[in-house]
Amino acid sequence: MGNVVVWFVWILAAFACLGSGAAVVSFSNPFYSALALIGNLGSLAVLYLLLSAEFVAAAQVLVYAGAVMVMFLFVIAYLGRHVDTPWAGAPSWQALGAVAAAGALMIEIVVVIGLKASGRLTDAPDIAHSFGSPREVGELFLTDHLLAFEITSVVLLAAAVGGVVLGSHAREEPSNTVLQGGEERSGR
Amino acid sequence: MMGPDLTWYLAVSAFLFGIGALGVMLRRSPLIVLLSLEIMLNGANLALITFSRHHGELDGQVFALAVMAVAASEVVVGLGLIVAVHRRRLELDVDKLSTLRG
């Protein structure tokens with residue numbers, strides 16, 4: 001009975017995931033694309049739960065579907081309505097090449113998985129009840145992967161500084177040039 | 001808890017990566033290119049977590065969390081670039097932003 005429920009949830013989550021992913025690519029309005037990506041991230045969190053990665057699923061909903069997507073929606077609303085029409089007119093050679101390249105990449109991945117891993121992935125090992133809990137993941141972060149943890153904090157700091165620089169530069173540039181021009185004139 | 005094979009999760013991850021790659025190559029709006037990049041990163045994350053379950057080790061989940069942090073910082077810088085381009089009154093089209101002249 002539990003087996004059927006797991007299968008049902010998996011099929012629902014997987015098809016929601018792939019469908020909303022296709023919707024992100026095909027919507028012409030970026031606002032709808034961002035909303036579809038929220039659905040994509042939510043159904044991925046369900047798949048993570050089925051793989052008993054509880055902490056990653058919670059972080060996915062909090063960080064991605066919460067913080068990152070709010071930032072995305074804010075910027076899309078700030079930029080105003082930018083609708084591009086990717087499907088208008090006859091398909092160009094560039095679009096056909098993109099479809100062919102993406103299809104080839106996907107087939108390549110599927111073939112490699114099928115050749116290398118199909119026989120060996122059938123039996124997942126039994127795991128403890130606490131597998132994927134915040135306690136275990138946090139312990140691993142602070143013991144074995146401490147360097148990765150610290151480097152992640154540096155990356156986040158660099159991104160925060162970069163965001164501030166990119167955001168302030170464009171606004172201050174006109175006043176800077178005026179100021180420099182004024183100083184030059186007073187110097188002469 | 002018996003569910004589908006781990007191979008099926010890997011198939012979903014491959015399809016997600018392919019959809020994201022298609023979006024990156026096909027779309028011209030930089031916002032949707034960023035959104036498609038997120039889809040590609042999430043496909044890779046799903047594969048990492050699947051293999052973590054397969055081996056019964058948590059290292060893959062730790063790696064997935066690190067990827068998540070890197071993706072968040074990439075979004076910050078990418079959106080900052082898009083806003084900077086918009087402030088310079090340039091058109092938001094990755095084909096027309098091919099030259100780096102102000």
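Computed over heavy atoms, backbone and side chain alike; hydrogens, waters and symmetry mates excluded. In what follows, chains are A, B, ... by sequence order, proteins preceding strands, each numbered from 1. This one's a predicted model, so the numbers in the text were calculated from it and none came from an experiment.
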How long is the gap from CG on Leu65(B) to CZ on Phe55(A), to the nearest 0.5 Å?
5.5 Å

Between Phe149(A) and chain B, which part of the residue has a heavy atom less than 4.5 Å away: side chain, backbone, both or neither?
neither

Are Ile38(A) and Leu18(A) in one and the same hydrophobic cluster, where Ile, Leu, Val, Met, Phe, Trp and Tyr link if side-chain heavy atoms are under 4.5 Å apart?
yes

Connected via hydrophobic side-chain network under 4.5 Å: Val24(B) and Val70(B)
no

Honestly, the part of Glu57(B) sitting under 4.5 Å from a heavy atom of chain A is backbone

Do the side chains of Phe15(A) and Leu51(A) join up, straight or via other hydrophobic residues, at under 4.5 Å, putting them in one cluster?
yes

Looking at CG of Leu81(B) and CG of Leu166(A), how far apart are the two atoms once the value is rounded to the nearest 0.5 Å?
5.0 Å

CG of Leu62(A) to CE of Met68(B), rounded to nearest 0.5 Å, is 10.0 Å

Closest heavy-atom pair and its distance - Gly132(A), Gln61(B)
CA-OE1, 3.6 Å

Checking Ala59(A) against chain B: side chain, backbone, both or neither under 4.5 Å from a heavy atom?
both

Flag the one option from Asp144(A), Ile109(A), Leu140(A), Ile151(A) with the top tally of heavy-atom pairs under 4.5 Å to chain B.
Leu140(A)

Side chains of Val68(A) and Val76(B): closer than 4.5 Å at any heavy-atom pair?
no

Between Arg53(B) (side chain) and Ser52(A) (backbone), is there a donor-acceptor pair under 3.5 Å?
no

Common cluster, Ile107(A)/Leu96(A), ILVMFWY with side-chain heavy-atom separation under 4.5 Å
no

Count the heavy-atom pairs under 4.5 Å between each of Tyr78(A), Phe141(A), Phe131(A) and chain B, then report the option with the highest count.
Phe131(A)

Sub-4.5 Å side-chain heavy-atom contact between Phe27(A) and Ile32(B)
no

What one should report as the nearest heavy-atom pair of Ser36(B) and Val25(A) is OG-CG2, 4.3 Å

Can you tell me which portion of Tyr9(B) sits under 4.5 Å from chain A's heavy atoms? Options are side chain, backbone, both or neither.
both

Provide the closest heavy-atom pair for Ala102(A) versus Gly18(B) in the form atom of the first, atom of the second, distance.
CB-O, 3.8 Å

Pick one of side chain, backbone, both or neither for Gln60(A), based on which atoms fall under 4.5 Å of a heavy atom in chain B.
both

Could you give the distance from SG (Cys17(A)) to CD1 (Ile19(B)), rounded to the nearest 0.5 Å?
8.0 Å

Choice from Ala36(A), Gly163(A), Gly21(A) maximising heavy atom contacts with chain B below 4.5 Å:
Gly21(A)

Relative to chain B, which segment of Ser33(A) carries a heavy atom at a distance below 4.5 Å: side chain, backbone, both, or neither?
both

Pairwise side-chain contact, Leu79(B) with Phe74(A), heavy-atom cut-off 4.5 Å (strictly under):
no

Pro4(B): which of Leu50(A), Val6(A), Ile11(A) passes side chain to side chain contact (heavy atoms under 4.5 Å, CB included)
Val6(A)

Honestly, the part of Ser13(B) sitting under 4.5 Å from a heavy atom of chain A is neither

Interchain contact, Phe15(B) with chain A, by part (heavy-atom threshold 4.5 Å):
both

Within a strict 4.5 Å, meaning less than it, do heavy atoms of the Leu22(B) and Leu105(A) side chains meet?
no

At a 4.5 Å cut-off on heavy atoms, which part of Leu47(A) comes close to chain B: side chain, backbone, both, or neither?
both

Taking atom types as modelled and ignoring hydrogens, do the side chains of Tyr64(A) and Glu38(B) form a donor-acceptor contact shorter than 3.5 angstrom?
yes

Measure Ala101(A) against the heavy atoms of chain B and call it side chain, backbone, both or neither at under 4.5 Å.
both

Look up atom CG in Asn40(A) and atom CG in Asn42(B), then write down how far apart they are to the nearest 0.5 Å.
6.5 Å

Okay, Val155(A) and chain B: the region with an atom under 4.5 Å from a heavy atom over there is both

With chain A, which of Val33(B), Ile82(B), Ile49(B), Val12(B) has the greatest number of heavy-atom pairs at distances under 4.5 Å?
Ile49(B)

Establish whether Phe31(A) and Val75(B) are linked, either directly or via other cluster members, by ILVMFWY side-chain heavy-atom contacts under 4.5 Å.
yes

Counting heavy-atom pairs under 4.5 Å with chain A, which one of Leu16(B), Leu46(B), Leu35(B), Ile39(B) comes out on top?
Leu35(B)

Under a 4.5 Å heavy-atom cut-off, does chain A meet the side chain of Asp59(B), its backbone, both or neither?
both

To the nearest 0.5 angstrom, please state how far the CG atom of Leu26(B) sits from the OG atom of Ser92(A).
8.0 Å

Name the member of Val56(A), Val24(A), Val9(A) that forms the most heavy-atom pairs with chain B at distances under 4.5 Å.
Val56(A)

Mark yes when over 12 heavy atoms from residues, nucleotides or ligands other than Trp8(B) sit less than 6.0 Å from its CH2; otherwise mark no.
no

